Amino acid sequence: MDFEPKIVAFVCNWCTYAGADLTGTSRIKYAPNVKMIRFPCTGRIDFMLLMKAFANGADGMIVSGCHPNDCHYTSGNFHARRRWTVFRSLLEFMGVDTERIAFTWVSAAEGAKWADVVNSTVEKVRALGPCEAYKNADYE
Ligand code: FES
């Protein structure tokens, strides 16, 4: 059976979630491998959320919010970007290929971009294969 990656997308309510909604209302087709988790702001992202997603079966992730200077909470996306810099080093140290995680900005007007982000992430993770290293890890 062909491997179908499971992708978790952590998205902010104000930009990317609305952009993904536009993808649907524009009838743009994209890979169905993504489960979305909607945050008020990507500033909420933390390392344990990523690791818990891997533990619960995710093979890859997308973290996406408002473009720089468009965050509804002024600087949440800048906090997320700084954290991503640290997360990336930690993940590399832990042996997780950081190509499994896409960190990006998608606005409410970028439905086509959301489809591209999803499709390219699914293709990358499909090529990498299943992420088994931290599956079923207990982070409670
Ligand atoms: Fe969208 Fe902060 S509200 S990233």
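Quick caveat, the model's predicted, so the values are computed rather than measured. In what follows, residues are counted from 1 in the order of the sequence shown. Numbering of ligands and ligand atoms starts at 1, following listing order.
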Q: Identify which protein N/O/S atoms are less than 2.8 Å from atom 2 (Fe) of ligand 1.
A: C41 SG, C71 SG
Q: Would you please test F103 and F87 for side-chain contact (heavy atoms from CB on, under 4.5 Å) and show each step?
A: CA-CA 11 Å; F103 184 96; F87 293 174; over 6 Å; no
Q: Would the number of heavy atoms belonging to other residues, nucleotides or ligands and lying under 6.0 Å from NZ of K35 be above 12?
A: no
Q: Before you tell me yes or no, could you show the steps for T25 and R27 under side-chain contact (heavy atoms from CB on, under 4.5 Å), namely the whole-Å CA-CA distance, both residues' side-chain angles and the distance that decides it to 0.1 Å?
A: CA-CA 5 Å; T25 55; R27 297 177 182 264; over 6 Å; no
Q: Please determine whether the number of non-hydrogen atoms from other residues, nucleotides or ligands lying under 6.0 Å from atom CZ of F39 exceeds 12.
A: yes
Q: Less than 4.0 Å between a side-chain N and a carboxylate O, is that true for K52 and D138?
A: no
Q: Determine whether a donor-acceptor pair (N or O, by modelled atom type, separation under 3.5 Å) exists between the side chain of K113 and the backbone of W105.
A: yes
